[in-house]
Amino acid sequence: MASNGYRNGTGTNKGAIKPPASSNIRSSSFKSRLPPSSNHSPGSALRRTSSASFTTAAGGDGVPGRVRVAVRLRPRNAEESTADADFADCVELQPELKRLKLRKNNWESETYEFDEVLTEFASQKRVYEVVAKPVVESVLDGYNGTVMAYGQTGTGKTFTLGRLGEEDTSARGIMVRSMEEILVNVSRETDSISVSYLQLYMETIQDLLDPANDNISIVEDPRTGDVSLPGATHVEIKDEQSFLELLRLGEAHRIAANTKLNTESSRSHAILMVHVKRSVLGEEVAIPTESDKSSHFVKPPKPLVRKSKLVLVDLAGSERVQKSGSEGHMLEEAKSINLSLSALGKCINALAENSAHVPIRDSKLTRLLRDSFGGTARTSLIVTIGPSPRHRGETASTILFGQRVENMLRIKEEFDYKSLARRLEIQLDKLIAENERQQKAFDDEVERINLEAQNRVSEVERNFTDALEKERLKCQMEYMESVKKLEEKMIENQQKHQHDGFMKDKCNGEGPGFCEDIAVIKKLLEKETHMRKEAEKEVNKLKSQLGQHMDAGAGGDAEILKLQIALEDEVHQKKKLEEEIIILRSQMLQLTFEADQMRRCLARGGSGNAYPGLDSPMSQVRDSLSGHKTPVSALFDQVGVEKILDLLESEDANVRIHAVKVVANLAAEEANQERIVEAGGLTSLLMLLRSYEDETVRRVAAGAIANLAMNEANQELIMVQGGISLLSTTASDAEDPQTLRMVAGAIANLCGNDKLQATLRSEGGIKALLGMVRCRHPDVLSQVARGIANFAKCESRASTNGIRSGRSLLIDEGALPWIVQSANNDAAPIRRHIELALCHLAQHEANAKDMINGGALWELVRITRDCSREDIRSLARRTLNSSLLFRSEMRRLRIEL
């Protein structure tokens, strides 16, 4: 196949165009290789043949009837992908061989060859370069040029030719790209470009730029045979934007309809005519003189105007009425379209067979296109086809039409191993459109990345500043706490300084001296008890004397007053003695306990701490005294709970602190709790929590309340007397870890009561529990985790019994992020409570969505695999399997238990 695709004339160089010698004519695959001829005067105007029929150019290889033909395959649309999913395409392209296979069935196919074969991945830019660009270059050199699109309706003719590409520049069609190249290569000062935009509808030529002008006549020059449309609107083009506005206007007026084959099927042939006028100069001519034959002067060149025309034709799609579903007026439109295309096909057949008669007058379409196949015309035809096997008949007809224009014979199917060298062209076609699209969006992407980077830098700087501030505050708080602890230790050391000798004796194993001290204290206690009994006897004696004196008459008023005063003094002294007795008994019991601890340490040779605080749990005292009645219980029986509670209101701070410690130790035993509450001990403890700011009093009082809160009956009393609010306030004010541990333990015990759920939230109990996380002390965090686990368990039980609905109050209070964060805590008690809380929360379907969004699903999956306790692992596995949302999310994430 010759590389020169377009020829001029009918086998000779008659009518060929010789460009001026001074012009720089660009080479093109569409132009003939013209030998120099002296018969043509330099700089003469372009001449056209006067043939009245379609006559094609003949070039250097003498092939008659040759126009350049390309075939383009449209990709499958959504409907075809669904309907033809089980069927292969009816065509197979071999772009490296410029061949196309049309399948008849699974075993037999026919092969055709074209000038270009464009796959479904070919970009608009590549289509323009191989089909239309050589024609546009010829038009700029003074030739007439035509680009036509032919094919079945819905195969992409209008997309190939008329796409504006406003949203995506890579999708611009041949019309827009052709005008871009013409505008780049012409001079705005000396050259001019004008445009006419027409449509051939029902054998009537209508002006798309002026819809009122709907019946334009065709005029033929009897001398040259040129075709013109004097009634059409001509608009001069100055820039690309004005041209795009004309195309939009024309497309708006073009007639289209919805058929079964295409939702926007063109019902007319669209014809865009671009008239180009370029100013050129002819060659200089030497004229000899009469006096001297050898001398001559040079005649200046004449200014010439070179005229050319580019015709872009978007033919309406051929269709079968049975498939398109046309009826009524649309049926008449389809008949008119098919008749005009049939007339065009007859003309092509006549030219391909070198017939003496070409029926160009059978249709206005063939009359308009007569210049496209004769004279100086350079013509290119792009044939569009679809892949669907359902439309194989229409595809075969379209291919045969292109073959008649191509005038190429069907060839036997062969395989060319040279195709291996061009395999990369398929990938190139896919990348061209993407590259052009990315090039347009590159600047916007760079700007977006820069803005995002600036925002991230700002955010990082802000976070860094906040982190520094938090770290500074944290260090400051730790410093203050350390100073406070050092001060407390210093005071404690000063108080114990007087006992140094005593402690040394005990550490050295000097038991007799220690026993002597205990004996002295016992003697003092016995003496005080004896004095108390004597005082009681004296009070009774005075009372009897008072009665006798009252009976004696009014004469003894003075004596009675004196006795009353003495009686009051005795009562005051008695109260003071009782306080001293209680304190001495407590000290004696404490010393007894310490002595016993010291003996045990010395017996096993250890160096453990022999001095636990008075607020330690009673279980330690009970274990240390090996079966004997505990000292605190003995004090409880000997003194009485009422007198101990009275000491809570003592004016002496040391007495008050010692009394609250005794109450706390008593409350640790369940047997004493009922008597303490009945005697008003709970009320007194809440008053201490409300009134006193002493950290020791608040810590021990909170511990006593925590012990009482282990009883369900006491929990409701704590709620009624405002204990939840008091505990919440104490939690927000306190900073000492041990105080926070006691408060957290009290609230955690209350969280285990089903009846207090709403009250705990309304009075700030949940927020206070979560607020104590700020301490970060393991003991405090353990109590917080226990409270959350108790609360989640009660909620799960209420949801299972149908008592409550909706998502968890813990999630409403924002506890879920801390729960998920603490699920992998190194401390085993914290981790165990959090794992239980997650399992209980997950048992209610209303919490599933929030838990999935908060990352709790991954922790539940981890619990099923890594938890050390089998019961918790089983509970987590049952919970995940019973929830529809969790199972759906695990399927999506491909998680298997």
Side-chain angles (χ1 to χ4, degrees), residues 3 5-6 26-30 68-75 93-96 98 100 114-140 145-151 155-186 237 239-241 243-244 247-248 251 270 272 274 310-314 378-387 402 422-445:
S3 62
Y6 287 83
R26 290 162 294 178
S27 62
S28 171
S29 60
F30 285 81
R68 189 168 179 81
V69 180
V71 62
R72 185 183 192 185
L73 177 64
R74 170 182 60 75
L93 303 185
Q94 296 177 331
E96 64 276 5
K98 298 184 179 180
L100 178 149
F114 292 90
D115 291 313
E116 287 291 342
V117 174
L118 301 168
T119 68
E120 64 269 32
F121 305 109
S123 64
Q124 292 281 74
K125 182 178 180 181
R126 175 166 172 78
V127 172
Y128 169 75
E129 288 178 347
V130 301
V131 175
K133 186 173 182 179
V135 178
V136 175
E137 291 177 349
S138 297
V139 170
L140 291 171
T146 302
V147 178
M148 291 189 297
Y150 178 88
T155 54
K157 300 181 298 301
T158 303
F159 177 85
T160 301
L161 250 66
R163 185 77 169 185
L164 298 183
E166 295 175 313
E167 298 179 356
D168 186 359
T169 56
S170 65
R172 291 170 297 163
I174 291 175
M175 290 182 178
V176 178
R177 294 179 186 268
S178 299
M179 183 56 68
E180 287 178 354
E181 184 157 356
I182 292 174
L183 289 172
V184 169
N185 289 278
V186 299
I237 302 299
D239 52 30
E240 182 183 351
Q241 189 61 34
F243 178 68
L244 290 176
L247 289 183
R248 292 192 199 97
E251 288 297 325
L272 179 69
V274 182
L310 173 63
V311 181
L312 302 172
V313 184
D314 180 10
R378 302 294 186 263
T379 302
S380 181
L381 173 67
I382 180 166
V383 175
T384 60
I385 58 176
R422 300 186 61 185
R423 284 184 177 178
L424 293 178
E425 287 186 2
I426 298 176
Q427 297 182 6
L428 180 62
D429 291 337
K430 295 179 181 179
L431 295 175
I432 286 176
E434 183 67 21
N435 181 56
E436 192 170 359
R437 190 178 299 110
Q438 290 179 355
Q439 186 65 29
K440 177 185 175 182
F442 179 77
D443 293 337
D444 295 338
E445 183 68 16

**Student:** Can you list the residues that meet the side-chain contact (heavy atoms from CB on, under 4.5 Å) rule with Q438, with sequence neighbours excluded?
**Tutor:** E434

**Student:** Answer yes when K98 and D115 have at least one side-chain N-carboxylate O distance shorter than 4.0 Å, and no when they do not.
**Tutor:** no

**Student:** E166: which residues meet the salt bridge (charged side-chain N to carboxylate O under 4.0 Å, His left out) condition with it, sequence neighbours left out?
**Tutor:** R248

**Student:** List the residues meeting side-chain contact (heavy atoms from CB on, under 4.5 Å) with L183, not counting sequence neighbours, and say none if there are none.
**Tutor:** M179, R188, I193, I237, E240

**Student:** Excluding sequence neighbours, so at least two apart, what forms side-chain hydrogen bond (donor to acceptor under 3.5 Å, both in side chains) with Q439?
**Tutor:** none

**Student:** For E445, check side-chain hydrogen bond (donor to acceptor under 3.5 Å, both in side chains) against everything at least two apart and list the hits.
**Tutor:** R448

**Student:** According to side-chain hydrogen bond (donor to acceptor under 3.5 Å, both in side chains), who are the partners of D239, at least two apart in sequence or on a separate chain?
**Tutor:** S242

**Student:** S380 side chain to V131 main-chain N or O, any donor-acceptor pair under 3.5 Å?
**Tutor:** yes

**Student:** Tell me, please, which residues at least two apart from Y150 pass ring pair (Phe, Tyr, Trp, His ring centres under 6.0 Å).
**Tutor:** F401

**Student:** Holding to side-chain contact (heavy atoms from CB on, under 4.5 Å), I want the full list of residues that pass it with K430, two or more places apart in sequence or in another chain.
**Tutor:** F121, I426

**Student:** Got a sec, which residues hit side-chain contact (heavy atoms from CB on, under 4.5 Å) with R163, two or more places apart in sequence or on another chain?
**Tutor:** Q124, F159, A171

**Student:** Holding to side-chain hydrogen bond (donor to acceptor under 3.5 Å, both in side chains), I want the full list of residues that pass it with R74, two or more places apart in sequence or in another chain.
**Tutor:** E80

**Student:** Restricting to salt bridge (charged side-chain N to carboxylate O under 4.0 Å, His left out), what partner residues turn up for E167, sequence neighbours left out?
**Tutor:** none

**Student:** Salt bridge check, K125 against E436: does any charged N sit closer than 4.0 Å to a carboxylate O?
**Tutor:** no

**Student:** What residues, two or more places apart in sequence or in another chain, satisfy salt bridge (charged side-chain N to carboxylate O under 4.0 Å, His left out) together with E180?
**Tutor:** R172

